[in-house]
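Note: hydrogens, waters and symmetry copies are ignored here, and every other heavy atom, side chains too, is used.
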Amino acid sequence: MPWGNIALTPAGVEAMPLGDLVRLGEERLISGGVIDRAARSPLYRLPCRHFWRHRPRLRDRRDLQRLPFISETDMLRSQSRTLGRIACAPVYYWMASSSQGESRKSIPVGKRDVEVLLGLLDRLARTAKVKKHAVVLAVPPLAPRLANALPYCWMLADMMTTGLKLEFIVASMYMLGKSNWPEFALRRQPDILLCRPSDALAMAEHFARAAGRPGAKPREILPGLKTGIFFGEPLAPNREAINASYGLESYDLYLSAEHPGISVDCPCHQGIHFWIDTCIAEIIPAPELAREHSEPGYRPEAIFLDSAAPDTRGELVVTTFAEALPLIRYRSGDLIRLVNREPCGCGLTHPRIQVLGRLADSKEAVNKS
């Protein structure tokens with residue numbers, strides 16, 4: 001690929017005009033030979049064998065929409081047969097998606113992919129206004145998910161790019177009630193809490209017990225905890241309860257192992273800024289999803305995220321620029337709402353979204369939309 005760390009270049013990319021961001025993503029799609037590189041992976045041989053054999057030359061991103069979608073079903077089918085050969089570049093490590101059981105996907109990660117991940121964590125720190133020398137209490141779920149690696153990747157990003165000299169306390173929900181880490185956290189008094197929203201609510205009584213003050217709110221015994229960064233679940237249903245219990249400012253974080261999905265909302269809290277310079281993003285609107293559900297064999301139409309009308313709801317589709325395994329028109333299975341395409345009051349210009357949940361868990365909601 002002819003560019004450096006795409007999450008860090010060019011300078012000021014988070015606030016570039018939307019049209020410039022679209023052109024930047026389009027340039028990376030074409031100059032990076034994304035389609036040709038992806039075609040080397042057996043992932044694309046089963047769902048679209050004929051089309052890939054005669055794939056079109058891309059002149060702009062609109063040609064991308066002539067290609068078929070792929071889905072997690074295609075990925076799981078390919079991995080069951082050719083996991084060792086699915087990558088089209090050297091693999092540095094494997095990352096698992098958050099889905100459970102047999103539907104958990106293993107994603108190969110290359111050297112440049114790691115660099116992008118670290119650059120996006122740099123964006124996270126700047127967008128959420130993380131201060132120097134902050135103490136971060138990270139309580140991720142069990143490995144091998146991206147969320148489990150998140151605090152360790154952030155440590156590395158801070159050492160290499162951010163330079164905030166953050167201090168991390170990495171705890172475990174599995175050990176909650178089985179070890180004294182809540183007591184240690186109380187003694188260290190963190191500034192930032194990094195975890196899932198439901199876990200934050202579950203931890204509250206354990207902090208009170210560790211402090212010897214049953215019934216006390218975290219805000220009373222963790223007075224320095226002013227920022228919460230929450231991932232893994234929609235924050236909206238629990239935001240007010242968390243803010244009231246902890247007395248902090250909550251930030252909504254979108255994570256995805258399949259694509260560069262470390263996007264976060266800003267102090268304006270009017271949607272998650274989705275970084276459209278790191279992928280080509282589309283959305284399959286809810287009416288199209290409903291028609292697909294009711295008409296077997298129907299191929300739904302997608303529109304580019306930056307062209308969708310505010311309040312459009314549907315499934316997020318991404319084409320990534322990954323080194324180890326570019327994903328072409330990958331149906332993420334995540335149901336989102338486009339909040340706004342206009343520049344945000346914080347100065348950032350990337351479209352803002354709200355993650356509503358997994359599509360598989362929201363069929364009824366989609367059909368009612």
Side-chain angles (χ1 to χ4, degrees), residues 1-18 20-38 61 87-95 107-130 132 136 146-147 149-166 168 194 229 231 253-264 266 272-281 305-306 318-328 330 346-351:
M1 290 182 286
W3 54 78
N5 189 331
I6 64 175
L8 298 177
T9 54
V13 67
E14 295 99 321
M16 287 175 59
L18 185 59
D20 291 347
L21 289 170
V22 169
R23 285 187 288 274
L24 179 61
E26 187 174 73
E27 176 187 343
R28 287 170 171 169
L29 171 72
I30 297 171
S31 65
V34 174
I35 300 298
D36 290 335
R37 290 191 294 108
R61 66 175 188 166
C88 50
V91 177
Y92 273 65
Y93 69 97
W94 291 85
M95 187 67 69
I107 313 300
V109 181
K111 180 180 178 180
R112 288 185 182 272
D113 303 328
V114 176
E115 293 173 352
V116 172
L117 178 66
L118 299 184
L120 290 174
L121 286 164
D122 182 36
R123 286 192 190 182
L124 164 64
R126 283 184 278 114
T127 306
K129 307 299 182 184
V130 174
K132 281 191 173 183
V136 182
L146 171 61
L150 183 62
Y152 305 101
C153 290
W154 198 356
M155 291 179 206
L156 185 58
D158 186 46
M159 287 187 283
M160 296 181 64
T161 62
T162 311
L164 295 176
K165 298 181 180 179
L166 303 176
F168 286 81
L194 177 68
I229 301 175
F231 59 81
L253 180 64
Y254 174 53
L255 288 177
S256 174
E258 288 95 323
H259 64 92
I262 299 184
S263 299
V264 68
C266 65
I272 295 170
H273 288 278
F274 189 85
W275 309 122
I276 62 169
D277 61 314
T278 63
C279 64
I280 304 295
L305 186 65
D306 55 89
V318 292
T319 295
T320 74
F321 312 140
E323 178 184 39
L325 181 62
L327 295 179
I328 309 301
Y330 178 72
C346 72
L348 301 184
T349 53
H350 294 247

Are the side chain of E323 and the backbone N or O of K111 linked by a donor-acceptor pair below 3.5 Å? yes
Quick one: CZ on R126 to SG on C346, what's the gap to the nearest 0.5 Å? 12.0 Å
When every non-hydrogen atom of L348 is compared with those of H273, the smallest separation belongs to CB-CE1, 3.5 Å
Nearest heavy-atom pair of F274 and A281: which atoms, and what distance? CE2-CB, 3.6 Å
So CD1 of I107 and CG of D113: to nearest 0.5 Å the spacing works out to 11.0 Å
Which residue is it: D20, L21, I6? I am looking for the one with a side chain to side chain contact (heavy atoms under 4.5 Å, CB included) to V13. L21
Heavy-atom nearest pair, H259 first then T320, reads CB-CG2, 3.3 Å
Is there a side-chain contact between L118 and L8 (heavy atoms, below 4.5 Å)? no
Do R61 and V22 have side-chain heavy atoms sitting under 4.5 Å apart? yes
Taking all non-hydrogen atoms of both residues into account, name the closest pair between V136 and L194 and its distance. CG1-CB, 4.2 Å
Results of side-chain contact (heavy atoms from CB on, under 4.5 Å) for A125 - residues two or more places apart only: V130, W154, T162, L164
Taking C-beta and beyond as the side chain, do T278 and S263 meet within less than 4.5 Å on heavy atoms? no
Which value, rounded to the nearest 0.5 Å, describes the distance between Y254 atom OH and I272 atom CD1? 8.5 Å
Approximate separation, where rounding is to 0.5 Å, of T127 OG1 and W275 CH2: 4.0 Å
Going by heavy atoms in the side chains, are H350 and D277 under 4.5 Å from each other? yes
Are any side-chain N or O atoms of D122 and backbone N or O atoms of T161, one a donor and one an acceptor, separated by less than 3.5 Å? no
Side-chain heavy-atom pair V318, I280 within 4.5 angstrom cut-off: no
Sub-3.5 Å donor-acceptor pair from the side chain of T349 to the main-chain atoms of L18, do we have one? no
Run the numbers on T319 and L327 for side-chain contact (heavy atoms from CB on, under 4.5 Å), then give the verdict. CA-CA 5 Å; T319 295; L327 295 179; over 6 Å; no
L253 versus L150: any side-chain heavy-atom pair under 4.5 Å? yes
What's the spacing between M160 CE and E115 CD if we round to 0.5 Å? 7.0 Å
Search all heavy atoms of A147 against all heavy atoms of P151 and return the closest pair with its distance. O-CD, 3.6 Å
According to side-chain contact (heavy atoms from CB on, under 4.5 Å), who are the partners of M95, at least two apart in sequence or on a separate chain? Y93, V109, L146, A149, A257
Please round to the nearest 0.5 Å and tell me the distance separating atom CZ of R37 and atom CD1 of I328. 8.5 Å
Closest heavy-atom contact between P108 and A324? O-CB, 3.5 Å
